[in-house]
Amino acid sequence: MNQKIQRYNYLDNIKWFLTIIVILHHAAGVAGGKPVGYNLPSVASYMAYQYDLLIVFQGFNQSYFMSLFFFISAYFVTSSLERKGQRLFIKDKFIRLGFPVLISLVFINPFIGNGFISNFADFFKSGNIDLGVTWFCWTLIVFSIVYSIFVSNKPQLEKRKNLVFPATWYIIAFSFILISFNYIFLCLQNVGGYNLMGFRSLGNFPAYIAMFFLGIQAYKYQWLDKLSVKHAIVGICMWLLALITVFYLHAINSEYASSSYVLIRGFTAIGMSMFVLYVFKTFFNNNNYWTKGYREQPLQHMSFKISLYIPSLRFISP
């Protein structure tokens with residue numbers, strides 16, 4: 001069976017949009033007050049409010065953007081596996097995704113202060129290894145291989161079905177269920193470390209796994225064709241209410257903010273993703289220079305290019 005997947009220009013447009021957001025996100029980290037190893041010079045005390053603005057900007061980004069990347073990646077994984085077969089599919093993932101990870105680990109990370117030897121020493125000591133921004137590539141390798149193994153026992157991949165978009169109550173219930181998994185993975189992160197087995201910030205992984213799963217289901221059941229303004233409104237409301245809850249808890253006790261932010265990630269990731277998908281589907285479903293560029297350069301190359309960009313920030317730091 002060899003079904004041809006329909007091309008959605010707006011998905012390519014979302015990818016280049018998110019790539020810009022990722023670059024700005026890391027640039028905000030360099031300009032922010034939190035030490036990252038190569039910060040810009042500190043601003044005067046009366047201008048310190050800029051750091052708070054940068055933190056809010058990064059918080060908005062982190063609430064959804066990597067989850068949406070996983071969704072889009074997963075949307076195409078079924079057709080890729082179907083077209084190439086399991087062996088070639090896995091080989092292709094290791095070549096296209098593993099190479100950026102290797103380059104980042106051996107050459108780029110040591111340049112920005114994450115020593116090659118010390119990085120591996122930490123891995124053998126605690127199971128933690130810093131892959132830089134290519135943690136996304138490594139995670140996609142694992143997710144893709146697990147999926148290919150899961151469907152390998154089936155005689156053929158299931159045919160696409162034309163089913164209705166999930167009801168609002170189902171989406172909200174699914175987001176609530178994720179809270180318990182978010183808590184478990186956050187505890188694992190606190191115990192195991194921030195880069196356990198190369199998986200950066202395990203507390204966010206239930207959302208990543210959920211969005212990868214939903215991307216596969218969206219392809220199978222053709223949900224993107226049924227995405228409507230209703231779903232966009234529900235999505236942005238979910239995102240706003242979740243963030244308002246975090247800000248409220250932060251006002252009560254700042255210690256609650258970071259953990260609560262991770263716990264409600266299901267609402268923010270799914271909610272904002274539905275909103276962004278609808279907006280781009282409605283207003284930016286066109287073919288342009290950037291769209292063509294992303295067709296020729298797959299999504300996983302985004303991490304590698306950004307990993308090249310981040311070290312350049314050192315040249316403008318003190």
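Tyr208 pairs with exactly one of Phe185, Phe136, Trp135, Phe199 by the ring-ring contact (aromatic ring centres under 6.0 Å, His included) rule, that one being Trp135. Applying the ring-ring contact (aromatic ring centres under 6.0 Å, His included) test between Phe176 and each of Phe267, Tyr170, Trp169, Phe181 identifies Phe267 as the sole match.
For the 3.5 Å distance criterion, the side chains of Tyr147 and Thr78 qualify, holding a donor opposite an acceptor. Looking at Asn13 and Tyr8, their side chains never bring a donor and an acceptor atom within 3.5 Å of each other.
Between Tyr278 and His231, a ring centre-to-centre spacing not shorter than 6.0 Å is recorded. In this structure, Phe76 has its ring center no closer than 6.0 Å to that of Tyr219.
Under the 4.5 Å side-chain heavy-atom criterion for grouping Ile, Leu, Val, Met, Phe, Trp and Tyr, Leu88 is not connected to Phe143 through any hydrophobic cluster. Under a hydrophobic-cluster definition in which Ile, Leu, Val, Met, Phe, Trp and Tyr are linked whenever side-chain heavy atoms come within less than 4.5 Å, directly or via other members, Ile172 and Leu241 are assigned to different clusters.
Nearest heavy-atom pair, Leu202 versus Gln189, reported as atom, atom and distance to 0.1 Å: N-OE1, 3.1 Å. The two atoms that bring Ile145 and Phe94 nearest to each other are CD1-CE1, 3.4 Å, heavy atoms only. Of all heavy-atom pairs between Asn286 and Asn9, the closest is O-CB, 3.3 Å. Closest approach of Leu18 and Phe69 over heavy atoms only: CB-CZ, 3.3 Å. Pairing each heavy atom of Leu227 with each of Lys281, the nearest pair is O-NZ, 3.1 Å.
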Stepwise side-chain contact (heavy atoms from CB on, under 4.5 Å) test for Asp130 and Arg200: CA-CA 8 Å; Asp130 188 355; Arg200 176 167 294 185; 2.5 Å; yes
Check against side-chain contact (heavy atoms from CB on, under 4.5 Å), Phe57 and Asn61: CA-CA 6 Å; Phe57 172 72; Asn61 299 335; 3.2 Å; yes
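Using a 4.5 Å heavy-atom threshold, the side chains of Ser201 and Asn204 count as touching.
A salt bridge links Asp12 to Lys15: one of the charged nitrogens lies within less than 4.0 Å of a carboxylate oxygen.
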